[in-house]
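For clarity, every value in this text was computed on a predicted model and none was experimentally measured.
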Amino acid sequence: MATQLLPAQLETDSSPEDPPFVSPTVKLSDGRHIAYRERGVPKVKSNCKIIIVHGFGSSKDMNFQVPQELIEELGIYFLLYDRAGYGESDPNPKRSVKSEALDIQELADQLQLGPKFYVIGVSMGSYPIWSCLKYIPERLAGVAMVVPVINYRWPSFPDSLTREDYRRPLVKLLYWVAKYTPGLLHWSVTRKWFPSPSVVEEKPVFFNKRDMEALKKTEGFPMLTKERLGERSVFNSLRNDFLVCYGDWDFDPMELTSPFPQNQNCVHIWQGYEDKIVPFELQRCISKKLPWIQYHEVADGGHLLVHYNGLREAILRAMLLGEEHHLYRPSADKTVP
């Protein structure tokens with residue numbers, strides 16, 4: 001059952017004496033609470049209902065600003081929620097790839113979104129989207145994944161593409177440390193982590209030039225500050241999310257069939273050519289093996305392209321209207337096997 005806020009609870013100022021803001025929640029069948037927020041046109045008047053799935057270290061308060069004119073033109077209702085263990089949502093000690101899709105389904109049902117809804121996943125928030133494609137494809141009206149993370153354990157990736165990828169051994173090492181020496185990892189990240197804007201700007205290891213500009217206009221990663229990582233519950237939720245994302249899945253995404261057999265362009269992947277976290281070559285490989293996915297590539301895009309001006313509108317127009325801009329067609333300078 002959804003818990004709604006009274007009008008008085010919605011009024012607040014910046015006074016530190018005020019009680020912390022409490023978001024509306026739904027109580028899932030297993031007793032956990034999931035916090036959410038709604039944006040856009042009223043749900044009952046909307047033409048399309050879109051669930052936004054945030055990535056690693058983010059929350060339902062992520063920046064997904066869209067011009068009000070476009071929202072009204074297309075009649076868009078947005079639902080953003082804190083994934084298990086993030087923000088104001090309860091952790092899920094039994095988290096799995098499948099549980100992510102089931103959380104989305106139950107949230108949609110309790111908020112009465114109807115038989116079908118759209119989903120957009122950003123970065124690590126894309127593995128719940130793969131889960132939706134596997135476990136609840138009949139509920140999906142359309143899908144977009146923005147710089148979706150790559151799990152190197154997927155068996156369908158050709159060795160020729162992953163063998164020389166410098167990110168593969170790094171992910172493997174971090175996974176091993178997170179799984180077997182969590183105490184060491186916790187000690188390390190609370191002393192050497194990178195999230196403060198000043199450190200990121202000095203050492204842009206993960207981001208390209210355009211990402212750095214975007215970071216100046218967004219809050220970035222609120223759960224990845226040294227202070228928040230020092231909270232054991234926050235660290236445990238992030239570790240749990242990472243282990244599920246990069247662990248063994250019970251299906252190979254590249255063996256999935258299209259959930260939209262009558263419309264081949266309803267699943268979209270958006271990727272930055274200059275992404276330093278996710279290799280564009282593997283995204284091209286996925287789209288080649290799954291021809292029902294429409295692949296878009298931003299030539300000067302990094303990992304934070306969801307925060308670039310104009311990109312959110314392009315993502316929505318592609319997913320909802322089937323529009324494709326020539327600027328986002330991948331170049332042919334490299335091929336995949």
Practice task
Hey, could you give me each pair passing salt bridge (charged side-chain N to carboxylate O under 4.0 Å, His left out) that has a residue in residues 97-109? Not counting sequence neighbours.
Solution key: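 For residues 97-109, and leaving out neighbouring residues, the salt bridge (charged side-chain N to carboxylate O under 4.0 Å, His left out) pairs sorted by first residue read R32-D103, R83-E100, R95-E100, D109-R139.
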
Side-chain donor-acceptor contacts of residues 173-183 below 3.5 Å, not counting sequence neighbours, with atom names and distances?
from, atom 1, to, atom 2, distance (Å)
T181, OG1, V177, O, 3.0

Handout entry: E274/F280 under side chain to side chain contact (heavy atoms under 4.5 Å, CB included): CA gap, chis, key distance, verdict
Key = CA-CA 8 Å; E274 297 180 1; F280 74 88; over 6 Å; no

Practice task
Give me the other members of the hydrophobic cluster that Y166 sits in, counting Ile, Leu, Val, Met, Phe, Trp and Tyr linked by side-chain heavy atoms under 4.5 Å, directly or via other members.
Solution key: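 For the cluster that includes Y166, the remaining residues are L170.
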
Are any non-hydrogen side-chain atoms of [X] and [Y] less than 4.5 angstrom apart?
X	Y	result
C285	P158	yes
W292	P259	yes
K289	S156	yes
Y273	D300	no
I51	Y118	no
L107	L79	yes
N240	P91	no
V278	H303	yes

Can you name the closest pair of heavy atoms from [X] and [Y] and give their distance?
X	Y	value
F56	L238	CE1-O, 3.4 Å
Y81	V53	OH-CG1, 3.7 Å
N92	A84	CB-CB, 3.8 Å
N151	F157	O-CE1, 3.6 Å
D248	R153	OD1-NH1, 3.2 Å
D90	G31	OD2-O, 4.3 Å

Exercise for the section: Walk me through it: do I120 and F64 pass the test side chain to side chain contact (heavy atoms under 4.5 Å, CB included)? Expected result: CA-CA 11 Å; I120 299 176; F64 197 87; 4.1 Å; yes

Is there a donor-acceptor pair under 3.5 Å between the side chain of [X] and the backbone N or O of [Y]?
X	Y	result
S188	L185	no
K276	F207	yes
D211	N208	yes
Y127	G121	no
S96	S99	yes

For [X], check side-chain contact (heavy atoms from CB on, under 4.5 Å) against everything at least two apart and list the hits.
X	answer
Q65	R39, N63, R312
E323	R317, L321
V149	S123, M124, S126, C245, Y246
A35	S23, T25, K60, D82, E88, S89

Practice task
Determine, using the 4.5 Å side-chain heavy-atom cutoff (strictly less than), whether L102 and Y36 are members of one ILVMFWY cluster.
Solution key: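 L102 does not cluster with Y36.
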
Exercise for the section: Answer yes if V306 and I71 sit in the same cluster of Ile, Leu, Val, Met, Phe, Trp and Tyr residues linked by side chain heavy atoms under 4.5 Å apart, and no otherwise. Expected result: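 V306 clusters together with I71.
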
If you round to the nearest 0.5 Å, how far is [atom2] of [Y] from [atom1] of [X]?
X	Y	atom1	atom2	result
L133	L290	CG	CG	9.5 Å
R284	I286	CZ	CD1	13.0 Å
I50	F117	CD1	CZ	12.0 Å
C48	L316	SG	CG	8.0 Å
L70	L320	CG	CG	8.0 Å
T162	I150	OG1	CD1	11.0 Å

Exercise for the section: List the steps and the verdict of side chain to side chain contact (heavy atoms under 4.5 Å, CB included) for I104 and C132. Expected result: CA-CA 8 Å; I104 290 173; C132 288; 3.7 Å; yes

Practice task
Just say parallel, tilted or perpendicular for the rings of W130 and W154, cut-offs at 30° and 60°.
Solution key: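 Perpendicular.
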
Practice task
For side chain to side chain contact (heavy atoms under 4.5 Å, CB included), just list the numbers for S287 and I269, CA-CA rounded to whole Å, side-chain angles, deciding distance to a tenth of an Å, and then say yes or no.
Solution key: CA-CA 8 Å; S287 63; I269 285 180; 5.6 Å; no

Mind checking salt bridge (charged side-chain N to carboxylate O under 4.0 Å, His left out) for [X] and listing every partner two or more places apart, or none if nothing turns up?
X	result
R232	none
D159	R163, R168
E231	R228

Exercise for the section: Kindly indicate, with the supporting measurements, whether the criterion side-chain hydrogen bond (donor to acceptor under 3.5 Å, both in side chains) is fulfilled by Q271 and Y295. Expected result: CA-CA 8 Å; Q271 175 63 35; Y295 178 66; 5.5 Å; no

Handout entry: Within 6.0 angstrom of K116 NZ, more than 12 heavy atoms from elsewhere
Key =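 Enclosed: over 12 neighbouring heavy atoms sit under 6.0 Å from NZ of K116.
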
Handout entry: Heavy-atom neighbours of Q112 CD exceed 12 at 6.0 Å
Key =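 Not more than 12 within 6.0 Å, no.
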
Problem - Pairwise ring-ring contact (aromatic ring centres under 6.0 Å, His included) hits with a residue in residues 85-110, at least two apart - result: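 Listed once each, the pairs are H54-Y86.
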
Handout entry: Partners passing ring pair (Phe, Tyr, Trp, His ring centres under 6.0 Å) against Y328 (at least two apart in sequence or in another chain)
Key =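 Expected list: W270, H325.
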
Exercise for the section: Give me the one residue out of K216, K209, R210 that meets salt bridge (Lys or Arg N to Asp or Glu O under 4.0 Å) with E213. Expected result: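 With E213 as partner, salt bridge (Lys or Arg N to Asp or Glu O under 4.0 Å) holds for just one option, K216.
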
Problem - Pair E297 + R329: basic N to acidic O under 4.0 Å - result: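 Salt bridge: no.
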
